[in-house]
There are 2 protein chains.
Amino acid sequence: MFSQTVEYALRAIVYLADQAPNPCTTEQIAKATKVPQAYLSKVLQSLRQSSVVHSQRGIGGGISLVKTPEELSLLEVVNAVDPICRIHTCPLGLKGHGTNLCPLHRKLDDTMRETETAFAETTLAQILLSSTSSYPLCNEPHERLTQLGGTTISPSN
Amino acid sequence: MFSQTVEYALRAIVYLADQAPNPCTTEQIAKATKVPQAYLSKVLQSLRQSSVVHSQRGIGGGISLVKTPEELSLLEVVNAVDPICRIHTCPLGLKGHGTNLCPLHRKLDDTMRETETAFAETTLAQILLSSTSSYPLCNEPHERLTQLGGTTISPSN
DNA sequence: GCCATAATAGACATCAATGTCCATTTATCG
DNA sequence: CGATAAATGGACATTGATGTCTATTATGGC
């Protein structure tokens with residue numbers, strides 16, 4: 001129901017939120033989220049063009065969130081790469097329906113509206129704080145590869 | 001969010017429900033629903049293989065619903081052509097998550113479950129009886145091209 | 001049995017989503 | 001300035017969704 005690109009974008013953003021506000025390289029994100037790196041870079045470009053993430057080239061650079069996890073909703077991520085396009089006018093192009101969708105398309109649009117709302121109301125911070133018995137994207141909490149102060153910590157492996 | 005094929009399948013089924021229990025030819029459905037006829041025949045084959053519709057060749061034949069509009073849900077139609085596939089195991093293939101999805105995939109699956117439920121609870125009869133100000137698929141009620149008794153009525157155009 | 005009707009099957013065409021690869025540009029560090 | 005790190009852009013490959021076309025098969029009426 002959701003495209004592969006949406007899945008990849010959300011994985012990357014969850015990882016970035018987990019590491020926020022530190023930047024992460026595409027390679028780092030790709031490995032952590034098991035997304036093909038070359039394709040991920042395309043997805044990240046879409047996110048950058050929509051101002052969901054910020055990028056910085058060169059040593060010490062990488063990708064980082066523009067907003068804090070508290071301010072960023074799932075919907076903003078989804079709409080950046082594969083917009084949920086609501087039904088505004090009759091898909092059959094019937095005049096006379098105008099904004100009055102027929103019962104079928106009214107129902108379809110309603111379900112899309114519900115999905116849209118669910119995504120709009122969920123922030124990345126909520127995802128990170130949710131307590132299911134599994135951590136987001138991994139078996140253990142992710143290593144924080146850099147500390148806020150700038151000291152680098154090596155991963156345990 | 002929903003594929004073109006789902007859209008076409010639902011249009012066809014709504015039309016068939018409107019004409020039920022009379023059979024309709026693919027050509028007739030295609031014109032009424034503005035779906036490319038050759039492609040529609042593919043979609044209808046999927047619906048037949050899932051026993052949503054029944055087909056009859058030759059003169060007087062066509063496509064008809066297997067169930068009554070009261071018994072048929074939108075979900076059965078959708079799942080016949082483009083199944084809503086729920087998330088059952090971790091898409092990253094992480095052991096240890098098992099059926100315990102991480103918060104991200106838990107949320108994604110929840111929205112899919114809601115959509116699934118919405119479709120499961122809506123019957124074709126409800127769609128036909130819904131009173132928005134627009135008729136399903138058309139500006140006016142569809143002509144019933146044949147009557148239950150077998151007498152054929154010419155369309156007014 | 002013959003003809004008209006209508007579904008069926010399969011080949012083929014087109015396009016968008018997904019995925020890969022490589023050269024180029026921008027940045028930091030020494 | 002030179003070396004390294006990292007994103008960027010564009011070309012290309014692959015696959016699945018969408019769409020078209022034609023020959024074949026099944027059915028009912030005469």
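Proteins come first, then strands; the chains are lettered A, B, ... in the order of their sequence lines, and each starts at number 1.
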Grab the CG-C1' distance between Leu44(A) and dG19(C) for me, whole Å please. 15 Å
Distance, rounded to the nearest Å, where Ile59(A) contributes CD1 and dA5(D) contributes C1': 5 Å
Under 30°, 30 to 60°, or over 60°: which ring-plane class applies to Tyr39(A) and Tyr8(A), parallel, tilted or perpendicular? perpendicular
With respect to the phosphate group of dA6(D), does any side-chain polar atom (N or O) of Arg48(A) fall under 4.0 Å of OP1 or OP2? no
Find the distance Glu27(B):CD to dT5(C):P and express it as a whole number of Å. 11 Å
Side chain of Tyr8(A) (C-beta onward), nearest among dG19(C), dA4(C), dT18(D): dG19(C)
Side chains of Thr5(A) and Asp82(A), donor plus acceptor under 3.5 Å: no
Taking only N and O in the side chain of Ser55(A), is any of them less than 4.0 Å away from OP1 or OP2 of dT8(D)? yes
Arg11(B) CZ to dT18(D) C1', straight-line distance once rounded to whole Å: 14 Å
How many whole angstroms separate atom CZ of Phe2(A) from atom P of dT18(C)? 14 Å
NA contact type, Gln56(B), heavy-atom cut-off 4.0 Å: base, sugar-phosphate, or nothing? sugar-phosphate
Earlier contact from the 5' end, DNA chain C, for Gly58(B) and Ala38(A): Gly58(B)
Taking for each residue the nucleotide of DNA chain C with the nearest heavy atom, is it Gly61(A) or Arg57(B) whose nucleotide lies nearer the 5' end? Arg57(B)
Let me know the distance between CD of Gln45(B) and C1' of dG10(C), rounded to the nearest Å. 10 Å
Atom-pair distance (CD on Glu7(B); C1' on dT18(D)), nearest Å: 14 Å
Side-chain N or O of Thr5(A) versus OP1/OP2 of dT18(C): is the shortest distance under 4.0 Å? yes
Establish, with yes or no, whether the OP1 or OP2 oxygen of dA6(D) is under 4.0 angstrom from a side-chain nitrogen or oxygen of Thr26(A). no
Side-chain donor/acceptor of Lys42(A) to base of dT20(C), under 3.5 Å: yes
dA17(C) OP1/OP2 closer than 4.0 Å to side-chain N/O of Gln4(A): no
d(CD, Gln37(A); P, dA5(D)) in whole Å: 14 Å
In Å, rounded to the nearest 0.5 Å, how long is the span from CG of Leu128(B) to OG1 of Thr123(B)? 8.5 Å
Donor + acceptor pair across side chains of Ser73(A), Glu76(A) (<3.5 Å): yes
State whether Tyr39(B) places a side-chain N or O below 4.0 Å from either non-bridging phosphate oxygen (OP1 or OP2) of dA17(D). no
Is any NZ, NE, NH1 or NH2 atom of the basic residue among Arg106(A) and Asp110(A) found under 4.0 Å from an Asp or Glu carboxylate oxygen of the other? yes
Closest approach to the side chain of Pro36(A), judged atom by atom: which nucleotide of dT18(C), dT20(C), dA7(C) is it? dT20(C)
